[in-house]
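Working notes, structure below.
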Amino acid sequence: MPEYQTHEHDVLVIGAGGAGLRAAIEASAAGVSVGLVCKSLLGKAHTVMAEGGIAAALANVDDRDSWKVHFADTMRGGQYVNNWRMAELHAREAPDRVRELEAWGAMFDRTADGRILQRNFGGHRYPRLAHVGDRTGLEMIRTLQDHGIHQGIDVHMECTVTRLLKDGDRVVGAFGYERERGRFKLFRAKAVVLATGGVGRAFKITSNSWEYTGDGHTLAYDAGADLIDMEFVQFHPTGMVWPPSVRGILVTEGVRGEGGVLRNTAQRRFMFDEIPDNYKSQTADNEEEGWRYTQGDKNARRPPELLTRDHVSRCIVREIKEGRGTPHGGVYLDISWIKERIPNAAEHIKKKLPSMYHQFKQLADIDITKEPMEVGPTTHYIMGGVQVDADTQMSNVPGLFAAGECAAGINGANRLGGNSLSDLLVFGKRAGEFAAKFASKEKPGSIDNRQVDEAARHALAPFDRGTGGEGPYQVQYALQEMMQDLVGIVRNESEMKRALEGLGGLRKRAAAVGVGGHREYNPGWHAALDLHNLLTVSEAITRSAIERRESRGGHFRDDHPDKDAAFGTLNITVRKQRDGGMAVSRAPLPPLPEELKKIIEEMK
Ligand SMILES: Cc1cc2nc3c(=O)[nH]c(=O)nc-3n(C[C@H](O)[C@H](O)[C@H](O)COP(=O)(O)OP(=O)(O)OC[C@H]3O[C@@H](n4cnc5c(N)ncnc54)[C@H](O)[C@@H]3O)c2cc1C
């Protein structure tokens with residue numbers, strides 16, 4: 001029998017980023033007992049890194065904005081394979097969630113008349129991102145944490161969950177280990193909310209931190225939940241490319257929102273060269289108009305640098321591939337040029353983009369108020385994840401809820417910048433509310449000891465194998481390299497089939513990985529346990545991407561470069577089979593109600 005500590009909660013929330021904290025606050029406010037588990041220290045979740053802002057149609061800067069425009073923008077950005085109900089709820093409820101955050105103490109930047117300031121961002125028709133300089137995530141986490149800490153939530157920090165535990169079909173708990181001491185923990189709960197974030201560490205170049213290893217996706221999949229849209233990975237157009245040690249670190253879209261422009265080595269604003277048909281009417285066709293838009297001229301259209309991320313990334317890749325890239329394999333992003341237009345430009349840039357200024361100064365010795373940055377695409381976000389009911393956030397497994405980046409539906413084929421932070425607030429709240437309701441109605445389940453024994457045996461297996469063979473990092477690096485090369489920004493069937501074969505080989509290598517030492521402070525052991533998650537999400541991405549034989553949003557195939565209307569009516573779903581294999585299927589999207597169709601038409 002393994003030794004473990006047991007904790008009991010009505011609702012267990014796994015993940016303490018924006019979605020997890022918001023879910024925990026809501027469940028606790030409903031009067032149930034709540035446990036909150038996170039891999040790092042409270043306050044260090046990925047959400048803290050968010051820079052640009054929270055998208056919500058507050059209409060503080062442009063009174064033409066409304067939930068309807070936000071809904072239409074989100075659907076267009078997602079290329080109409082979004083879950084329409086989630087997109088509707090998100091657009092309707094985001095303003096209230098932002099005001100609530102303000103009431104809980106968030107210090108947003110302000111308009112001249114004292115309201116929450118909103119900035120321009122890619123794919124949003126009007127200035128819509130409530131922000132705090134370029135440190136919005138930090139303020140969001142601080143506020144949620146300060147508020148949540150007074151709600152009587154039990155926090156289990158530096159604890160990794162490795163298994164969900166079930167009683168029949170229902171999820172009734174989780175098994176994990178303390179990262180510091182290596183001791184095991186068993187959580188009993190009537191409902192579990194997954195809020196574990198994304199999968200970026202499956203790729204070599206990424207803006208994501210070490211925490212993003214696809215844990216929630218894999219926990220849900222292993223427990224029988226469906227994953228959808230896994231082929232839709234977002235490659236953000238602007239990550240740092242130099243020096244190599246910082247490659248992939250994000251350069252916020254806020255730089256372009258404040259007037260930053262993209263140029264190739266010939267100094268050409270190449271984004272004007274290819275404007276997609278469905279955005280032509282909303283996009284400036286000259287530099288002057290684009291500049292006026294960034295300065296708040298309501299009669300101007302957005303510059304093409306603020307087109308959706310999938311498109312901007314592909315244009316950058318084209319420039320680099322065709323030999324017009326920078327010395328370090330990127331393109332130029334220039335905000336310093338605004339000194340030609342405004343007085344005190346350097347001070348203005350430092351005030352609006354303080355983190356970007358420091359990031360480049362300290363990591364690359366570049367002063368962005370004086371010279372351009374070199375940037376290129378970086379793996380940033382996954383639109384795919386656990387399929388949930390739009391209203392309640394429950395998955396197809398009773399008692400298992402998901403919210404935030406590990407859940408899917410709202411973003412379709414491509415997420416608009418800023419829509420994640422609002423997603424966390426809107427659907428984090430809903431997940432907490434409905435998990436609490438579920439828990440209030442249910443009796444605790446029983447957990448069979450064999451499940452716990454098996455989870456403990458699996459966790460200790462890398463020690464049993466010892467250090468004679470390959471270590472976990474070699475397998476992790478090989479996986480990241482392969483996913484980047486074969487299932488990256490531009491895909492095709494033959495490369496992805498090679499990736500599938502490669503994944504088979506990597507699974508065998510992962511099963512043989514061994515570690516030394518003991519369970520205290522042992523990062524090699526943690527990395528060995530992450531491999532199952534990284535391999536599972538990589539397989540789901542690859543199989544789904546092979547199945548979607550078209551190009552849409554974040555998924556671009558050079559063997560099927562166009563959109564295919566038939567694929568515009570369905571999601572790709574993956575589910576674990578009884579024999580452990582991964583089944584891929586096509587699930588029809590529910591039809592869009594007439595009144596929402598009308599909104600989309602009106603906003604075209
Ligand atoms: C640099 C950067 C800038 C961004 N800027 C913006 C922006 O301006 N606007 C916007 O809308 N979006 C932005 N995004 C995206 C956005 O930040 C994320 O999508 C969002 O924060 C995800 O929140 P989350 O609550 O789902 O997960 P996270 O904030 O990542 O939290 C995940 C939590 O789960 C825990 N966890 C994970 N696995 C386990 C496990 N096995 N056991 C226990 N705990 C676990 C982690 O410890 C963590 O607490 C940005 C992303 C990056 C990387």
Side-chain angles (χ1 to χ4, degrees), residues 12-24 36-56 94 119 121 128-132 134-138 140-141 144-145 155-164 174-179 185 187 193-201 206-219 234 236 238-240 248-254 257 355-356 359 378-383 385 402-407 411 415-425 427-428 431 526 529-530 533:
L12 180 73
V13 180
I14 305 174
L21 278 165
R22 190 61 192 82
L36 179 64
V37 194
C38 50
K39 285 207 283 201
S40 51
L41 292 171
L42 190 62
K44 279 202 74 189
H46 211 106
T47 302
V48 92
M49 296 161 74
E51 294 164 354
I54 313 172
R119 67 159 44 117
F121 237 59
R128 191 176 282 147
L129 267 69
H131 60 278
V132 185
D134 55 5
R135 294 176 180 145
T136 312
L138 176 63
M140 181 163 158
I141 280 282
L144 290 173
Q145 213 173 269
V155 182
H156 307 271
M157 287 192 263
E158 300 197 296
C159 173
T160 299
V161 169
T162 57
R163 283 284 165 93
L164 295 177
F175 179 87
Y177 66 92
E178 287 173 356
R179 297 177 77 84
K185 280 181 183 270
F187 299 96
V193 179
L194 291 171
T196 51
V199 309
R201 287 280 154 174
T206 178
S207 64
N208 293 181
S209 77
W210 63 270
E211 294 194 70
Y212 265 19
T213 44
D215 299 11
H217 291 75
T218 307
L219 289 167
Q234 180 166 82
H236 192 291
T238 57
M240 293 179 79
I249 291 184
L250 194 76
V251 181
T252 176
E253 200 163 313
S355 300
M356 288 304 105
Q359 185 171 307
T378 181
T379 314
H380 183 56
Y381 183 91
I382 184 153
M383 277 66 78
E405 192 169 339
C406 75
N411 297 300
R415 174 179 71 92
L416 299 186
N419 269 1
S420 172
L421 294 190
S422 39
D423 163 13
L424 311 182
L425 295 173
F427 294 109
H526 306 162
L529 296 182
D530 289 343
N533 305 331

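Each residue takes its place number in the sequence, starting with 1. Indexing begins at 1, ligand by ligand and atom by atom, following the structure's order.
With R415, R179, E405 as candidates, the residue nearest to atom 14 (N) of ligand 1 on a non-hydrogen basis is R415. Comparing H380, E51, H46, K39 by heavy-atom distance to atom 28 (P) of ligand 1, the nearest is H46. Of the candidates T379, L250, N208, the one placing a heavy atom closest to atom 3 (C) of ligand 1 is L250. Here the shortest heavy-atom distance to atom 7 (C) of ligand 1, taken over G53, G176, G43, G417, belongs to G53. Within the set G52, S420, A55, the minimum heavy-atom distance to atom 8 (O) of ligand 1 is found for G52.
Protein heavy atom nearest atom 29 (O) of ligand 1, with residue, atom name and distance: T47 OG1, 2.4 Å. In terms of protein heavy-atom proximity, atom 25 (O) of ligand 1 is nearest to A19 N, 3.0 Å. Nearest protein neighbour of atom 13 (C) of ligand 1, counting heavy atoms only, is A50 CB, 3.9 Å. In terms of protein heavy atoms, atom 22 (C) of ligand 1 is closest to Y212 OH, 3.2 Å. The nearest protein atom to atom 35 (C) of ligand 1, hydrogens excluded, is given as G15 CA, 3.5 Å; this is a heavy-atom distance. Looking only at protein heavy atoms, the nearest one to atom 41 (N) of ligand 1 is D215 OD2, 2.7 Å. The closest protein non-hydrogen atom to atom 46 (C) of ligand 1 is E211 OE1, 2.7 Å. Atom 43 (C) of ligand 1 has C159 O, 3.3 Å as its closest protein atom, hydrogens excluded (heavy atom only).
In terms of the side-chain contact (heavy atoms from CB on, under 4.5 Å) criterion, residue partners of M49 (sequence neighbours excluded) are, by chain and number, H46, S209. Looking at residues two or more places apart in sequence or on another chain, you find a side chain to side chain donor-acceptor pair (under 3.5 Å) between E211 and S40.
Using 4.0 Å as the threshold, G137 has no heavy atom nearer than that to any atom of ligand 1. At a 4.0 Å cut-off, not a single heavy atom of T136 sits close enough to ligand 1 to count as contact.
Residue-to-ligand polar distances place V161 within reach of ligand 1: an N/O pair is separated by less than 3.5 Å. At least one N or O atom of G18 sits closer than 3.5 Å to an N or O atom of ligand 1. Taking distance alone, with nitrogen or oxygen atoms compared against 3.5 Å, I14 stays at or beyond that limit from ligand 1. Backbone and side-chain nitrogen or oxygen atoms of A16 are examined, and one is located within less than 3.5 angstrom of a nitrogen or oxygen of ligand 1. Where the criterion is an N or O separation shorter than 3.5 Å, residue side chain and backbone included, G418 meets it with respect to ligand 1.
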Report the C-alpha separation of T206 and R201 in whole Å, then their side-chain angles, then the decisive distance to 0.1 Å, and conclude whether the side chain to side chain donor-acceptor pair (under 3.5 Å) test is met. CA-CA 7 Å; T206 178; R201 287 280 154 174; 5.6 Å; no
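For the residue pair S207 / H380, a side-chain donor-acceptor distance below 3.5 Å is found, with atom types taken as modelled.
Two residues are said to be in side-chain contact when any heavy atoms from C-beta on lie closer than 4.5 Å; M140 and L424 meet this criterion. Annotation: side chain of F121 is not in contact with side chain of L416 (no heavy-atom distance under 4.5 Å). Put simply, the side chain of I382 reaches to within 4.5 Å of the side chain of E405, judged on heavy atoms. Between H526 and Y177, some side-chain heavy-atom pair lies under the 4.5 Å cut-off.
The proximity of S209 to ligand 1, defined as any non-hydrogen pair under 4.0 Å, does not occur for either the backbone or the side chain.
Using a cutoff of 4.0 Å between basic side-chain nitrogens and carboxylate oxygens, D215 and K39 are scored as salt-bridged.
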